[in-house]
Amino acid sequence: MSAMTYDQALAFLESTHTFGSKLGLSRISALCDHLGNPEDKLKFVHIAGTNGKGSTAAYISSILMKAGYRTGCFTSPYIQRFTERITVNGEEISTDDITRYTEMIMRRIEIMQAKGIEHPTAFELYTAMCFLHFVDQGCDIVVLETGLGGSIDSTNVIKSKEAAVITNIGYDHMEQLGNTLEEIASKKAGIITCPCDVVVYPMESSIQSVFTAAAEAHGCRIHLLSADDVKITGGFFMPQFDFAGFSGLTIRLLGEHQYYNASLSALTCQALRAKGWNITDSHIRDGLADAKWPGRMEVMRRDPLFIIDGAHNTQGSEVLAKGLGSFKHGGVTFIIGVMRDKEYERMFGNVAHLAKRFLTITPDNPRAMPARELADFTSGFAPSTAFDSVPEALRFAIDTTPEDEIICAFGSLYYIGQVRDFFERMAEHD
């Protein structure tokens, strides 16, 4: 029995955030070396991009599970529980395993530091932990989402991969990744490190060429998804589409961008099939239909319609505005919280034309903008009120929003979990 409790393990993991978010592979490489390089025993589908990484990981994982493969999936950040980050066949890692791996990693860090090696960051610990778990669980394949960028993101410690998948590219984390889409793309293209299949989301040719050049340089087969290959046949609440010989494909996730994320995932799995993975058209169809990804255009209740979305950058808010504007309603009450280092002026400007009002909150993060300061800013777009807590804002919105209008909570994944917790408690009391 472990001497450490789960709460103590989480406390240690949380404490490592003081080491900041440092890019580079030296620390994660050293940690993996001291753990016996578990990553070398696994096969990977590696995903990088600005938006859509999580839902694309969910689609690909679902397809691989339908094909009968024991599938690991590593994503970030989590919505409600730390254990959401690491799953095998959809089952979250246990708290006991988190505790056991934390103890193991702590012992290795002591050895590293005695040798003068810098302490790994929090995300590097999570990455090493997922490798240990996926090996212990006998995974056939792992769907691995980058944390930030690509070339020097800690997940790029892996030496080989079956496929490198590039989702939509937009402006985010510009202080680390660059000020142009081409610069950002070059960082994301850093996951293309070995001969593999490279699958790319539809994008402008100048950005796409960055990935094409990287693929050619490493002897990769490149698969470019074209928007013309995707034909949308369903409505907002009944998503259905055709793609490359498939007709009547269905998905659960809402928003026009999800048709392209799903098609990107299908194209990835077709590429895997071409190199010997036993994935049929039925596996692709059924996997897309069953995929779930909480907190992204997720309907929490109706009358009034309440949607939560993880949009936390300019591109994400553009997509959200397009989705909300695609069907008739009487206007939107936005519940918003944001990190101060985001381009919040453009984020909330993108949805302002839909807003009846803004209700502002302060996400639980040191980087968060205070609710009152955010309300002062958004009052230039629509009436704005600051709230001291997320539940207070939610109750007010539900009690005062007419049934023909919409409530939408977005701006930061750091508080979306609190919104889901609120509705789960509400369901328990009904």
Side-chain angles (χ1 to χ4, degrees), residues 55 79-80 234-240 250-258 292-312 316-338 344 347-364 371-372 374-375 377-430:
S55 53
I79 301 294
Q80 290 171 281
F236 185 81
F237 292 108
M238 297 185 66
Q240 189 174 76
T250 61
I251 51 176
R252 298 186 184 194
L253 305 184
L254 304 180
E256 183 177 322
H257 58 296
Q258 291 297 351
K292 302 173 185 176
W293 192 236
R296 279 72 171 182
M297 291 291 281
E298 183 179 12
V299 175
M300 304 308 298
R301 64 169 284 163
R302 298 177 185 270
D303 303 324
L305 181 65
F306 196 121
I307 292 173
I308 60 176
D309 190 68
H312 58 280
S317 65
E318 288 175 350
V319 171
L320 174 62
K322 187 174 183 179
L324 294 175
S326 66
F327 60 97
K328 291 183 179 179
H329 53 76
V332 184
T333 290
F334 286 105
I335 301 173
I336 55 173
V338 69
Y344 58 87
M347 281 177 59
F348 300 123
N350 285 336
V351 302
H353 65 287
L354 299 170
K356 278 292 191 72
R357 57 184 176 173
F358 289 101
L359 311 181
T360 65
I361 58 91
T362 308
D364 184 16
R372 282 167 177 75
L374 182 55
F377 171 74
T378 53
S379 64
F381 297 124
S384 301
T385 306
F387 288 84
D388 292 329
S389 72
V390 173
E392 184 184 359
L394 298 177
R395 283 191 291 267
F396 179 83
I398 292 169
D399 291 344
T400 62
T401 300
E403 290 188 359
D404 68 327
E405 296 181 11
I406 296 174
I407 305 167
C408 177
F410 85 103
S412 173
L413 284 169
Y414 287 104
Y415 82 93
I416 291 299
Q418 290 178 264
V419 181
R420 295 189 94 247
D421 287 339
F422 175 90
F423 282 103
E424 287 179 2
R425 289 193 298 269
M426 180 181 287
E428 289 172 359
H429 289 104
D430 284 349

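Everything numeric in this text was worked out from a predicted model, so none of it was measured.
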Non-hydrogen atoms of [X] and [Y] that approach each other most closely:
| X | Y | answer |
| --- | --- | --- |
| Pro304 | Pro402 | CB-O, 3.6 Å |
| Val338 | Pro363 | N-CG, 3.7 Å |
| Ala393 | Ile361 | CB-CG2, 3.7 Å |
| Thr385 | Ala375 | C-CB, 4.3 Å |
| Ala352 | Phe358 | CA-CZ, 4.4 Å |
| Phe410 | Ser317 | CE1-CB, 4.1 Å |

Test Leu324 against Ile307 for side-chain contact (heavy atoms from CB on, under 4.5 Å), laying out the working first.
-> CA-CA 10 Å; Leu324 294 175; Ile307 292 173; 4.0 Å; yes

Look at the side chain of [X] and the backbone N and O of [Y], then say whether any donor-acceptor pair between them is shorter than 3.5 Å.
| X | Y | result |
| --- | --- | --- |
| His353 | Ala321 | no |
| Lys356 | Gly330 | yes |
| Ser384 | Ala382 | yes |

Residue pair [X] / [Y], side-chain heavy-atom distance below 4.5 Å:
| X | Y | result |
| --- | --- | --- |
| Gln258 | Leu254 | no |
| Glu424 | Arg420 | yes |
| Arg372 | Asp388 | yes |
| Ile79 | Arg296 | yes |
| Leu359 | Phe334 | no |
| Val351 | Val332 | no |
| Thr401 | Arg357 | yes |
| Tyr344 | Ile336 | no |

If I take atom [atom1] from residue [X] and atom [atom2] from residue [Y], how far apart are they, to the nearest 0.5 angstrom?
| X | Y | atom1 | atom2 | answer |
| --- | --- | --- | --- | --- |
| Cys408 | Met297 | SG | CE | 7.0 Å |
| Asp309 | Leu413 | CG | CG | 8.5 Å |
| Phe422 | Leu394 | CZ | CG | 5.0 Å |
| Ile251 | Met238 | CD1 | CE | 12.5 Å |

Validation row, ring centre Phe306 to ring centre Phe423 under 6.0 Å | yes

Run the ring-centre check on Phe377 versus Phe348 and record whether the distance is less than 6.0 Å.
-> no

Check whether more than 12 heavy atoms from other residues, nucleotides or ligands sit under 6.0 Å from atom CG of Asp364, and answer yes or no.
->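 Counting other residues, nucleotides and ligands, CG of Asp364 stays at 12 neighbours or fewer.
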
Take Glu256 and Val319 through the test side-chain contact (heavy atoms from CB on, under 4.5 Å) and record every step on the way to the result.
-> CA-CA 8 Å; Glu256 183 177 322; Val319 171; over 6 Å; no

Do Leu305 and His329 pass the side-chain contact (heavy atoms from CB on, under 4.5 Å) test, and can you show the C-alpha distance, the side-chain angles, and the key distance before you say yes or no?
-> CA-CA 10 Å; Leu305 181 65; His329 53 76; over 6 Å; no

Test log, rule side-chain contact (heavy atoms from CB on, under 4.5 Å), inputs Glu298 and Ile416 = CA-CA 11 Å; Glu298 183 179 12; Ile416 291 299; over 6 Å; no

